[in-house]
Amino acid sequence: MSQTATKKALGEVRLKVAYKKPEALLSEYTRSVGQGGVTLEVRKSLPVGTRFVFEMHNPGVSTPVEVLGEVVRVTPTANERYMITVKYDAGMDRGGLDAVLQRIFDLQAFEKLRRYPRIPLRLPAMEEETPFAPPFFVKDLSRGGVGLEVEAPALPASVKVGMPFMLEMDLTLGLLMLHGEVAWTSSGGPEVLPTFGVNFGTLGSDTVERLEKLLSLESLPPAPWRARICFGMDAVMKMP
């Protein structure tokens, strides 16, 4: 990611950021919109209500993806700096977003080992039924499965090939429940987190519709985005 230009006019700050790959752009987009906002320490105060427009560019896409932001809180600190809270909004213009999604689909069409294109995400997921479980993150999602990484030195004992799995998310269309089983695992390595992949089972028509809306980023969870996961009998008990 590289910052290319910044402009300020009429209470609006416009920031242009370039990404080499469309997957990196979309991953940052979902991370930003998913967390709903950010608090930053700055040297100069900004008035509450100051608007930000983040233009996210990729060389293969002519139309930028825009994320809107607005300063909702400003707090002075002891070291003559300011903590500003910026609230993010996905905005209404989908032209750039649809173009990036299509670019990803086009590039992945040449991957013969995958049946469905993957959408990169950065979505926190918690194993609620297991106390002291490590944080999980949804890395990518497709019509056929999901990839996750574990913020821990090693995979938990519950993550092994063939283990039943359930992922739940609250969308604007309602609850999305995706069931399947662990298909592969990777123990990671130096500076690489452990990861695993899940193949979905047979999904009902309502579930498929909600999944497709999420993959097109048309039906999003309320911020901050969170997913719930479980394994084994806990997952089986929730399956339709």
Donor-acceptor contact below 3.5 Å, side chain Thr30 vs main chain Ser27: yes
Arg118 backbone acceptor or donor facing Gln108 side chain under 3.5 Å: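 Flag set: sc Gln108 to bb Arg118 pair under 3.5 Å.
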Inter- and intrachain pairs under ring pair (Phe, Tyr, Trp, His ring centres under 6.0 Å), touching [range], at least two apart:
range	value
residues 84-108	Phe54-Tyr88
residues 145-174	Phe165-Phe231
residues 202-230	none
residues 58-87	none

Pairing residues for Thr172 by the side-chain hydrogen bond (donor to acceptor under 3.5 Å, both in side chains) criterion, not counting sequence neighbours: Ser219
Who passes side-chain hydrogen bond (donor to acceptor under 3.5 Å, both in side chains) against Asn199, sequence neighbours left out?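 side-chain hydrogen bond (donor to acceptor under 3.5 Å, both in side chains) check on Asn199 returns nothing, list empty.
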Hey, could you give me each pair passing salt bridge (charged side-chain N to carboxylate O under 4.0 Å, His left out) that has a residue in [range]? Not counting sequence neighbours.
range	result
residues 223-240	Glu129-Lys238, Glu168-Lys238, Asp170-Arg228
residues 193-204	none
residues 188-211	none
residues 29-39	Glu28-Arg31

Whether over 12 other heavy atoms sit under 6.0 Å from Arg73 CZ: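 No - once you tally the heavy atoms of other residues, nucleotides and ligands closer than 6.0 Å, there are 12 at most.
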Exercise: do Asp98 and Gln102 side chains pair donor with acceptor under 3.5 Å: no
Other cluster members, Leu175 - Ile/Leu/Val/Met/Phe/Trp/Tyr, side-chain contacts below 4.5 Å: Met166, Met177, Met239
Through direct or indirect side-chain contacts below 4.5 angstrom among Ile, Leu, Val, Met, Phe, Trp and Tyr, which residues connect to Leu68?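 Members alongside Leu68: Val53.
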Locate the shortest heavy-atom distance separating Val72 from Lys87; write the atom from each residue and the value.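 Closest approach of Val72 to Lys87: CG1-CB, 3.9 Å.
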Taking all heavy atoms of Val150 and all of Pro156, pick out the closest pair and write down the distance.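 Reported closest heavy-atom pair: CG1-CD, 4.0 Å.
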